[in-house]
Amino acid sequence: MAPSRLAELLCVREGHFRFESGHHGRLWLDLDRLFLRPASVRPLSAALAGRLARHGITAVCGPLTGGAFVAQHLAEALDLRFFAAQRHQHHDRVTYRLPAGVHQVLTGQRIAVVDDVLNAGSAVATTARELRHRGGEVVAVGGLLALGDGARRTAEDLAVPLEVVETWPHELWSAEQCPRCARGEALTDPP
Ligand SMILES: O=P(O)(O)OC[C@H]1O[C@H](OP(=O)(O)OP(=O)(O)O)[C@H](O)[C@@H]1O
């Protein structure tokens, strides 16, 4: 992978990692550190803002926390409305909801749903469904980074364009199918 500003901000480490899901993978990203210095993220947000501006958006919404931070940068850069979707967990099911106080303001808005990093795309998908349910018009999906093709499939399902600053291949394997295990490589300790 070519080093990039985004890779530096995400403190990307390469190795042979075991994730919470039990899958094995090559990259470890530290999303918690991305916004330690918001000014460092602004050039990336500006690049995304330029792409999303083509779609005639009037508002930006992101799932808390990382997606909402990006959405706020974009709303500032483009002088648009900003919405943050709040995470709700019921047993294993995670959904994102808009606070009741903003429901009325959503009607008629052309909204881009954004995230910092899109993996499976589930956070933006459930945020988009909530926005549509509340009367908003979701017209684009965006992010700083898409890992693999989950984001593309999510945008297709929502029938909207996808705009991302970078896309990286996502190599994720079950423990049984992990090529690094097959080569006898030891697991890397997480940071
Ligand atoms: O495309 P997905 O498979 O949904 O994964 C991407 C989401 O995962 C991370 O959020 P996380 O759930 O870790 O919450 P956070 O933003 O509060 O860190 C990231 O910020 C995205 O919102």
Side-chain angles (χ1 to χ4, degrees), residues 1 4-13 17-38 40-42 44-45 47-49 51-52 59-75 82-99 111-133 136 138 140-174 190-191:
M1 183 186 63
S4 69
R5 185 75 191 111
L6 193 50
E8 279 173 38
L9 289 171
L10 289 168
C11 306
V12 173
R13 286 185 60 200
F17 297 103
R18 183 183 185 282
F19 303 116
E20 262 180 32
S21 65
H23 288 88
H24 291 199
R26 188 174 64 89
L27 298 180
W28 187 281
L29 278 55
D30 194 342
L31 296 187
D32 293 340
R33 294 205 215 170
L34 179 59
F35 281 91
L36 272 179
R37 292 187 61 199
S40 306
V41 186
R42 267 186 213 289
L44 297 162
S45 304
L48 181 57
R51 290 167 203 223
L52 287 170
V60 190
C61 178
L64 284 161
T65 51
F69 291 160
V70 173
Q72 194 164 55
H73 273 195
L74 296 169
F82 158 68
F83 299 103
Q86 298 169 338
R87 182 186 171 102
H88 289 259
Q89 183 149 6
H90 185 65
H91 302 297
D92 281 349
R93 187 157 179 262
V94 173
T95 56
Y96 287 87
R97 298 187 205 154
L98 275 297
I111 308 166
V113 184
V114 300
D115 218 331
D116 47 357
V117 176
L118 294 115
N119 187 13
S122 52
V124 291
T126 180
T127 300
R129 279 195 287 274
E130 163 76 350
L131 288 164
R132 286 178 170 170
H133 175 64
V138 174
V141 165
L144 302 181
L145 172 64
L147 288 173
D149 64 357
R152 182 185 54 74
R153 280 190 265 108
T154 297
E156 278 175 13
D157 288 347
L158 294 167
V160 296
L162 171 70
E163 301 287 359
V164 292
V165 179
E166 292 189 22
T167 301
W168 298 351
H170 194 21
E171 292 160 310
L172 204 60
W173 306 281
S174 66

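As the structure lists them, so they are numbered: ligands from 1, and atoms in each ligand from 1.
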**Pairs where residues 111-133 contributes a residue and the test salt bridge (charged side-chain N to carboxylate O under 4.0 Å, His left out) is met, not counting sequence neighbours** = Glu130-Arg134

**Prompt:** With no hydrogens and no angle check, is any side-chain donor or acceptor of Glu8 less than 3.5 Å from a backbone partner on Leu10?
**Reply:** no

**Request:** Could you list the residues that satisfy salt bridge (charged side-chain N to carboxylate O under 4.0 Å, His left out) with Arg13, not counting sequence neighbours?
**Result:** none

**Message:** Please check this pair: side chain of Arg87 against backbone of Val94, looking for a donor-acceptor N/O pair closer than 3.5 Å.
**Reply:** no

**Complete:** With sequence neighbours left out, the residues meeting salt bridge (charged side-chain N to carboxylate O under 4.0 Å, His left out) with Asp149 are Arg152, Arg153

**Request:** Report, as yes or no, whether the 6.0 Å neighbourhood of atom CZ on Arg33 holds more than 12 heavy atoms from other residues, nucleotides or ligands.
**Result:** no

**Request:** Collect the protein residues that have a non-hydrogen atom under 4.0 Å from ligand 1 and hand them over in chain and number order.
**Result:** Leu31, Thr65, Gly66, Arg87, Asp115, Asp116, Val117, Leu118, Asn119, Ala120, Gly121, Ser122, Ala123

